[in-house]
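All residue numbers refer to positions in the sequence shown, counting from 1.
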Amino acid sequence: MEFDALLLSRIQFAFVIAFHILFPAFTIGLAAFLAVSEGLWLKTGWDVFKRLYLHWVKIFALAFAMGVVSGVVMSYQFGTNWSVFADKTGSVLGPLLGYEVLTAFFLEATFLGVMLFGWNKVGNTLHFVATCAVAVGTSISAFWILSANSWMQTPTGFAVDDETGTFYATDWIAVIFNPSFPSRYVHMMLAAFVTTAAVVLAAGAWQMLRDRSSEPTRWQTRMAVGTLAVLMPLQIWAGHWSGEVAHEYQPAKIATMEGWCETKDVQGSVLLAWPANNECGLDTLTIPNTSPILFANASGELKGLEAFAEEERPPFWLVFWSFRIMVGAGLVLLALGFWGVWKWWRGTIDRPGLFHWLAVPSGSLGFVAVLTGWITAEVGRQPWTVYGHLTTAESVAPVSAGQVATSLLVFMVVYAIVFTAGAVYMARIATRGFDEDLAGPPTDSRRAPGSPLGAVDEPAKVPGDIVAAE
């Protein structure tokens with residue numbers, strides 16, 4: 001392996017996006033959680049939901065800011081390390097990324113200030129509208145980013161200029177709604193909701209184990225396990241849907257993910273694989289003849305790695321194991337959700353025990369699944385940046401290995417300091433427990449469970465600077 005400018009540029013982009021993708025995956029789900037919490041507070045008048053909102057919005061503000069910063073750095077790399085790619089595909093991808101800024105980022109930026117600092121300045125209904133606008137904005141942002149990335153996976157609706165080699169759109173609907181976009185968008189959105197639910201559950205479990213439990217702790221725990229139990233089966237279905245699309249358009253990726261060596265009409269499910277001195281280069285532990293279940297819509301032969309030239313295959317071991325780690329993390333979260341709902345039904349979910357000890361480390365599994373899923377999708381696309389049309393080697397900028405190595409080292413040092421500090425601070429806020437009372441003097445908006453809703457358009461008397469450290 002030669003650490004040339006191409007490999008170093010790939011490592012640098014992977015390093016930056018690995019940090020960045022964690023924050024949008026968290027904030028998309030957390031924005032929805034905040035909208036639900038505030039909506040329940042307005043609907044029921046129970047202050048427990050308001051306390052949930054005020055607690056988690058501090059974490060949202062910090063995570064949102066860190067996501068924006070890391071995303072800006074990532075976009076600059078298109079011009080520094082991947083200028084050839086930007087030049088050739090800019091006519092297609094540029095407008096998609098521009099639409100993301102115009103329709104999503106502006107929406108989020110406009111209402112984020114009201115959401116964070118508007119409690120004393122606007123009515124409750126308008127504040128709720130601002131929270132919902134931010135939540136919708138995060139989903140719209142994911143829409144355009146996933147559309148652009150999915151077009152690179154399954155490019156349609158374009159042509160290539162014979163003289164310049166640049167891509168240009170011929171059908172924008174086909175570009176935006178390319179074949180892999182619907183399944184990948186659903187898969188990513190569900191991943192965001194599941195990731196947030198796992199974090200909220202871990203925070204609640206830790207509070208219970210440390211005897212910091214309160215009414216908001218108990219509510220957030222129930223909301224989290226309910227979300228996992230409902231959404232994880234849907235996420236498994238969405239992942240299967242995405243795999244069927246990849247099987248049709250990216251057979252080399254599927255052969256690598258599944259560990260299929262030979263082309264057959266019926267394949268098995270490879271559970272484990274290890275290097276071996278044979279023609280395929282690996283031995284496997286396989287459940288035979290299961291492909292009709294996994295790929296029921298497939299017709300004809302199922303291609304194995306032997307059907308592709310070596311230079312057209314994705315890196316095998318990284319894709320193979322990333323896929324299995326992603327699936328394993330998802331199955332653990334599925335089991336945790338069902339277990340939690342069962343304990344809720346039994347009335348034992350508030351008693352600290354084995355479930356809570358396992359829920360704490362499982363709070364990271366959503367992030368693990370997002371990262372390994374991204375590795376499976378993006379490394380599995382290699383050696384292409386635009387699948388079947390533009391290789392990664394053709395996309396790199398004319399920069400030296402030394403330049404890329406220097407910037408990579410700077411990124412690693414800065415990110416290690418800044419983002420580690422931010423993550424630790426967010427974890428401290430999430431796990432320290434809830435305040436006994438809402439900040440600020442008592443008002444008519446502080447109603448006990450079951451009391452009348454009252455006038456919800458009166459401003460709530462709480463401090464505007466809800467993101468300040470206590």
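Two residues are said to be in side-chain contact when any heavy atoms from C-beta on lie closer than 4.5 Å; Q403 and S407 fail this criterion. Looking at S83 and P398, their side chains come closer than 4.5 Å, going by heavy atoms from C-beta outward. Taking the side chain as every heavy atom from C-beta outward, L371 and L22 approach each other to under 4.5 Å. Proximity of F49 to E38: side-chain heavy atoms (C-beta onward) are nowhere separated by under 4.5 Å. Residues H127 and W119 have side chains in contact (heavy-atom distance under 4.5 Å, counting atoms from C-beta outward). Between E378 and I17 there is no side-chain heavy-atom pair separated by less than 4.5 Å. For the pair S362/V332, a side-chain contact is recorded, criterion being any heavy-atom separation below 4.5 Å from C-beta on. By the 4.5 Å heavy-atom criterion applied to side chains, W241 and P182 are counted as neighbours.
A side-chain contact (heavy atoms from CB on, under 4.5 Å) with S147 holds for exactly one of V175, L96, L97; it is L96. Exactly one of T80, L408, N81 qualifies for a side-chain contact (heavy atoms from CB on, under 4.5 Å) with S9. That residue is N81.
Residue Y387 comes nearest to A252 through the heavy atom pair OH-CB, 4.1 Å, listed as atom of the first residue, atom of the second, then distance. Minimum heavy-atom separation, T263 to G304: OG1-N, 3.1 Å. Taking all atoms of both residues into account, the shortest heavy-atom contact from A142 to M189 is CB-SD, 3.9 Å. Between A401 and L8, the shortest heavy-atom distance links the atoms O-CD1, 3.4 Å. The heavy-atom pair separating P314 from V319 by the smallest distance is CB-CG2, 4.3 Å. What you find for A63 and T27 is that their closest heavy atoms are CB-CG2, 3.6 Å.
Distance OG1/T376 to CD1/I325: 8.5 Å, rounded to 0.5 Å. Of the inter-residue distances, the one linking L54 atom CG with S37 atom OG reads 10.0 Å to the nearest 0.5 angstrom. Rounded to the nearest 0.5 Å, atoms OG1 (T103) and CH2 (W144) are 6.0 Å apart. Between the CD atom in E306 and the CD atom in E262 there is a gap of 5.5 Å [rounded to 0.5 Å]. Taking CZ of F128 as the reference point, atom CG of N124 lies at 11.0 Å (rounded to 0.5 Å). Remark: L305 CG to I254 CD1 distance equals 11.5 Å, nearest 0.5 Å.
Checking side-chain atoms of Q12 against main-chain N and O of V404 turns up a donor-acceptor pair under 3.5 Å. Under the 3.5 Å distance criterion, the side-chain polar atoms of H247 are left unmatched by any main-chain donor or acceptor of A255. Although no hydrogens or angles enter the test, the distance criterion places no donor-acceptor pair under 3.5 Å between the side chain of R428 and the main chain of V424. Between the side chain of T196 and the main chain of L30, a donor-acceptor pair closer than 3.5 Å is present. With hydrogens and angles ignored, the 3.5 Å screen pairs a side-chain donor or acceptor of S364 with a backbone N or O of P361.
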Would you sort out whether L228 and L334 count as a side chain to side chain contact (heavy atoms under 4.5 Å, CB included), showing the intermediate values? CA-CA 6 Å; L228 290 176; L334 174 67; over 6 Å; no

Apply side chain to side chain contact (heavy atoms under 4.5 Å, CB included) to the pair Y168 and V160, showing each step before the final yes or no. CA-CA 6 Å; Y168 61 92; V160 180; 5.9 Å; no

Verdict with supporting geometry, T392 and T385, side chain to side chain donor-acceptor pair (under 3.5 Å): CA-CA 5 Å; T392 308; T385 48; 5.1 Å; no

Please lay out, stage by stage, how H240 and I236 fare under the test side chain to side chain contact (heavy atoms under 4.5 Å, CB included). CA-CA 6 Å; H240 177 70; I236 293 172; 5.8 Å; no

List the steps, then state whether side chain to side chain contact (heavy atoms under 4.5 Å, CB included) holds for S139 with Y185. CA-CA 10 Å; S139 300; Y185 180 67; 3.9 Å; yes

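Between F167 and W151, the ring planes lie perpendicular to each other; the angle is over 60°, past the 30° to 60° tilted range. The aromatic rings of F19 and F419 are tilted relative to each other, their planes meeting at an angle between 30° and 60°.
There is no side-chain donor-acceptor pair under 3.5 Å between S269 and E258. Between the side chains of Y53 and T131, a donor-acceptor pair is found at a separation under 3.5 Å. R184 and S242 share no donor-acceptor pair across their side chains, judged by distance under 3.5 Å alone. When only modelled atom types and interatomic distance are considered, N178 and T154 share a side-chain donor-acceptor pair under 3.5 Å. In summary, the side chains of Q382 and K253 do not present any donor paired with an acceptor at a separation below 3.5 Å, with no hydrogens or angles considered.
Between F60 and F33, the gap from one ring centroid to the other reaches at least 6.0 Å. Between H389 and W384, the distance separating the two ring centers is not shorter than 6.0 angstrom. Aromatic ring centroids of F23 and F64 lie 6.0 Å or more apart.
For the pair R10 and F13, the cation-pi test (distance below 6.0 Å, angle within 45°) is failed.
The pair R313-E310 does not count as a salt bridge, with every side-chain nitrogen at least 4.0 angstrom from each carboxylate oxygen.
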